[in-house]
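One structure is given below, encoded as structure tokens.
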Amino acid sequence: VGSACDKDYETVSLSAYFAAACSEVACNYPGNGWIINADDNDTMYIEIGDYNLQHIGFEDFQLQYKPTGTSGWTTVQFFTNDPLKEGEPNTTYINSAPTVKYYWDMKSLADRSYDIRLVSHCSDGSVNYSEILTGILDGQRPQVFGTPQPADGILEIDDDIKIQFN
């Protein structure tokens, strides 16, 4: 630091340290474009990995969802390696496993497009977000709409068979 006119300069040292973000976490399955329907019994199989339980201050990661196009995320499940939290509501104890397999019952959700993500949390307040995966919940089977044709239930030579679904 100094003046160009005085040609008198002082040296200043500056150090910066950056806190590492919390552990990464990834959804290994399903991929983007997932579809859950009645054949899946409205249950999504999720495989979670790429997290580091040795990361200093790791607390948990969470599975979250939101309807596509909205902003508010809802936490479905907590995953922790803390044995003292085992048995807490909506909490899965990881038990040092390198991957987690989770079955999410989506029956209470309306059929539509959803986004899912994972969020890791550390004790220093840092977080890390996984990629957002978008997919469709389509759990309602088609229902007959109106009256099937022929309406009298008897198929004759010139009749067409017609059934409309919702």
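Under the 30°/60° scheme for interplanar angles, the aromatic rings of Y65 and Y114 are found to stand perpendicular.
Screening V127, T80, N128, V100 for a side chain to side chain contact (heavy atoms under 4.5 Å, CB included) involving F61 leaves a single residue, V100.
Looking only at side-chain heavy atoms (C-beta outward), Y103 and D40 stay at 4.5 Å or farther from each other. Looking at heavy atoms from C-beta onward, S96 lies in side-chain contact with N81 at the 4.5 angstrom threshold. Under the 4.5 Å side-chain criterion, counting only non-hydrogen atoms from C-beta, I46 is in contact with W104. A heavy-atom distance below 4.5 Å is found between the side chains of H121 and Q62.
Using a cut-off of 4.0 Å between Lys/Arg side-chain N and Asp/Glu carboxylate O, K107 and D42 are scored as not salt-bridged.
Of the N and O atoms on the side chains of T134 and D115, at least one donor lies less than 3.5 Å from an acceptor on the other residue. Side-chain contact annotation: Q77 with T92, donor-acceptor N/O pair under 3.5 Å present. S123 and E59 form no side-chain donor-acceptor contact under 3.5 Å, judged by distance and modelled atom types alone.
In terms of hydrophobic clustering, with Ile, Leu, Val, Met, Phe, Trp and Tyr side chains grouped at heavy-atom distances under 4.5 Å, L118 and Y129 are assigned to different clusters.
Here the straight-line distance linking atom CG of D111 with atom CG of L137 works out to 5.0 Å at 0.5 Å rounding. A distance of 6.5 Å separates CD1 in I132 from NZ in K66, rounded to the nearest 0.5 Å.
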Review point. What's the verdict on ring-ring contact (aromatic ring centres under 6.0 Å, His included) for F79 and Y51, showing C-alpha distance, side-chain angles and the deciding distance?
Key: CA-CA 11 Å; F79 300 87; Y51 50 83; 8.8 Å; no
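Judged as a disulfide bond (SG atoms under 2.5 Å apart), the pairs with a partner in residues 85-124 (not counting sequence neighbours) are, in order, C22-C122.
Scanning both residues, D50 and A26, for their nearest heavy atoms gives OD2-CB, 3.5 Å.
Although no hydrogens or angles enter the test, the distance criterion places no donor-acceptor pair under 3.5 Å between the side chain of T70 and the main chain of T68. A donor-acceptor distance shorter than 3.5 angstrom exists from the side chain of S23 to the backbone of N52, with no hydrogens or angles considered.
Residue I56 places its CD1 atom among 12 or fewer non-hydrogen atoms of other residues, nucleotides or ligands, all under 6.0 Å distant.
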